[in-house]
J.: 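Encoded as structure tokens, here's the structure I'll be asking about.
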Amino acid sequence: MNAFDNAGSLGAEGENRDELVRTAPHAFRVHTRAYTDAEVFAREQKQIFGKIWVYVGHESEIPAAYDWKTSHIGTQPIIVTRDQEGRLGAFLNRCAHRGASICREAKGNSKSFTCPYHAWTYGIDGKLTGIPYHHEPNGYSEHFQMPEGLYRIPKVESYRGFIFASLNSKVQPLLDQLGTAKLMIDRRVERSPVGELVLRSVPYVARFKGNWKFQSENIVDGYHFIQTHYAFVKLQEKYQDTTGDFGVHKGASISEMRKHRIQGTVYGCPQGHGINFRRAANIDDLVTGEYADYHKELRALRGEEEFGWIIGTNAASIFPNMGMIHQQIRTWRPVSPDVTEVRIYLYDVKGAPDRLNEGWLRSQERFYGPAGHGMADDVEMFAVNQQGLEASAMDWLILDRGIDQEKLLDNGDYEGMLSSETAQRAFWRRYSKLMEQA
Amino acid sequence: MASTLTRAEAEALLYREARLLDTRQLDEWQTLFAEDGVYWIPIDETKPISENASLIYDSPARRDERVYHLLHTVFPAQTPPSRLLHFINNVEVEGRGDSEAVIHSNQIIYETRLGDFSQYGLGELRPIVASMRHEMRLVDGAWKIALKQILLINREMPQGNLTFII
């Protein structure tokens, strides 16, 4: 057999057909099936999306009593609510009677939900409050076991405005699952002097042909930027700040941008997160420049050291379905093994100058969205990846980059170099652990 | 009045623009705009631009960058490239005195990506459906686009690849 016949197999094929991740000294491989197989997809719904905390929305989307929005936990459609007391809740978007979808709008404000089919009615707290013709002779008998209400998602919690929910009533504490991702959320929230991010109106939405895990991997993939986005790098070199980059992509030449891409540290967390932290290098410019007052206020509030990290260029893939980069919260949901929907929510940093918020907004608009000069290429690559994996006679994908440079820290995180595949390996370690659990 | 834009003139302007876009004569397309002309595809056209992201909000510099991107760089979302065909209907002209006018039109643009049509995303025929508003201004005796606003009927919904000029 030719040594290249099945490159990446790390030796003889094992007997274990379920094996999705294979490791060896200096090597880390993921099986094609992990991205393509319908059985694997169904198992993910049960073992991952059914077992752990999943990001379902942001508090600023439902700020007032009786506000609600629809969302998903994996493939499960849900409604996230704020009740009369301001408490968060979440329910399956399904009538307890015969299963019709209760909410057909993406968001709203109402004291009750009425099923469009037979008009069973529920309060904002999910309690069943009315059944038409309940006590008619042809209605429900005195022995009828009336459901209490909508199926309540057992766990819903917010961390600094980020709402997470779990279908598993015995799920670990949210902060334990977040691990170092808590620090990422903190650093982004603390860009606001009052500690608040406010989502803007309508998100960018792409429904792409590709597995959801491509998005989890890619948002912290420092390796692809100069290659996939080479045209953008050329635009950046030609147009610099005249078209509104607003300092977001750092650097006005290819070599500067490449240098920036390898500065910083990536953390691969045992919870499956991948996090890039780069401390700002230009603190002196920030506290004397156009937005000096804002930056000085932040520095005074957070301290010199942490200020540098807060204002730095950080990015995170927060397992399993959320990302943070620039001025956006990104969330993705699996639709099928080869279809994923991704939403990009831009936000206002409350208390930052309006011009700064608008500058960040225009910068995000230039790169992201279906007509942006960056995101469209990423979405294209997800389809190209999925397409490539149709060639399934070859088994394994190679995720070895930077493996010998990463080191295990006391808190369980791996620390690696930027543009290594440390973040992606962390994702797959957590993934395979969850998938293999009984 | 000689300087009032007639419907026949408006149609001729829209047809010419469509032909330039369909044949990728994008530098020529740029000359249809006034010096400060904006190319805008909003998501929520009722909200202030300063607080809301659009699908595209191109000032002249950004429009120039978009054209340069398409004509002079190679990037995955246009490799292979799109082929476009514009169809224009329901043209109405709203006069605004001697030197300004608004052209309303409904347009269906069909788009397809070339290349190996056995692969995802290539060889599919995709309709893009929009109402358009061209705010025109008379500049040195010629009608120029001050604002081209495109309202996709599905603007708040998931979008496919829109890395070409509509």
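In what follows, chains carry the letters A, B, and so on, assigned in the order in which the sequence lines appear, proteins first and then strands, with residues in each chain numbered from 1.
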J.: At a heavy-atom separation under 4.5 Å, does A/D354 approach chain B through its side chain, its backbone, both, or neither?
T.: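 Contact with chain B is absent: no heavy atom of A/D354 under 4.5 Å.
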J.: Identify which part of B/I41 has an atom lying under 4.5 Å from any heavy atom of chain A, answering side chain, backbone, both or neither.
T.: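 Neither; nothing under 4.5 Å.
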J.: Please state whether the side chain, the backbone, both or neither of B/D64 comes within less than 4.5 Å of a heavy atom of chain A.
T.: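 Both the backbone and the side chain of B/D64 come within 4.5 Å of chain A.
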J.: Answer yes or no: does atom OH of A/Y239 have more than 12 heavy-atom neighbours from other residues, nucleotides or ligands under 6.0 Å?
T.: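 More than 12 heavy atoms, drawn from other residues, nucleotides or ligands, come within 6.0 Å of this atom.
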J.: Between atom CZ of B/R63 and atom OG1 of A/T243, what is the distance when rounded to the nearest 0.5 Å?
T.: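 One gets 13.5 Å once the value is rounded to the nearest 0.5 Å.
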J.: In terms of heavy-atom contacts, does CD of B/E92 have more than 12 from other residues, nucleotides or ligands at under 6.0 Å?
T.: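 Atom CD in B/E92 is not packed in, count stays at 12 or less.
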J.: Based on non-hydrogen pairs under 4.5 Å, which of B/Q78, B/M157, B/R113 is most in contact with chain A?
T.: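 That would be B/R113.
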J.: Any sub-3.5 Å donor-acceptor pair from A/Y204's side-chain atoms to B/P158's backbone N or O?
T.: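 Checking the backbone N and O of B/P158 against the side chain of A/Y204, no donor-acceptor pair under 3.5 Å is found.
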J.: Hey, which residues of residues 383-392 of chain A are touching chain B, say heavy atoms under 4.5 Å apart?
T.: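 The residues closer than 4.5 Å to chain B, in numerical order, are A/A383, A/Q386, A/Q387, A/E390.
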J.: Rounded to the nearest 0.5 Å, what's the gap from NE2 on A/H373 to CZ on B/R62? Could you check?
T.: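 So the gap between those two atoms works out to 7.5 Å.
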J.: Tabulate, in ascending numerical order, the residues of residues 322-337 of chain A having at least one heavy atom closer than 4.5 Å to a heavy atom of chain B, or enter 'none'.
T.: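 Under the 4.5 Å heavy-atom cut-off, nothing qualifies.
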J.: Of the backbone (N, CA, C, O) and the side chain (C-beta and beyond), which part of A/Y230 lies under 4.5 Å from a heavy atom of chain B, both, or neither?
T.: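 Interface part for A/Y230: neither.
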J.: Would you name the heavy atoms of B/N52 and A/R200 that are closest together and state the gap between them?
T.: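 Minimum heavy-atom contact is N-NH1, 4.2 Å.
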J.: Check the surroundings of atom OH in A/Y291: do more than 12 heavy atoms from other residues, nucleotides or ligands lie under 6.0 Å from it?
T.: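 For A/Y291, atom OH is crowded (more than 12 foreign heavy atoms under 6.0 Å).
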J.: List the atom of B/I43, the atom of A/P203, and the distance in Å for their closest heavy-atom pair.
T.: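 For B/I43 and A/P203, the tightest heavy-atom pair comes out as CD1-O, 4.4 Å.
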J.: Mind checking which of residues 355-372 of chain A sit less than 4.5 Å from chain B, heavy atom to heavy atom?
T.: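 When heavy atoms of chain B are the reference, residues 355-372 of chain A contributes A/E358, A/L361, A/R362, A/S363, A/E365, A/R366, A/P370, A/A371, A/G372 within the under-4.5 Å range.
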J.: With a strict 4.5 Å heavy-atom criterion, list every residue of residues 66-77 of chain B that contacts chain A, or say none.
T.: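 So the qualifying residues are B/R66, B/Y68, B/H69, B/T73, B/V74, B/F75, B/P76, B/A77.
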J.: How about CD on B/E35, more than 12 heavy atoms from neighbouring residues, nucleotides or ligands closer than 6.0 Å, or not?
T.: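 For B/E35, atom CD is not crowded (no more than 12 foreign heavy atoms under 6.0 Å).
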J.: Answer with side chain, backbone, both or neither: which region of B/S59 has an atom nearer than 4.5 Å to a non-hydrogen atom of chain A?
T.: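 The answer is neither part of B/S59.
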J.: Counting only heavy atoms not in B/R83, do more than 12 sit closer than 6.0 Å to its CZ atom?
T.: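 Incorrect, the count does not exceed 12.
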J.: Select one option (side chain, backbone, both, neither) describing which atoms of B/L55 are under 4.5 Å from chain A's heavy atoms.
T.: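 Both backbone and side chain.
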J.: Please name the pair of heavy atoms, one in B/T79 and one in A/E380, separated by the smallest distance, quoted to 0.1 Å.
T.: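 In this case the closest contact between B/T79 and A/E380 is O-OE2, 4.3 Å.
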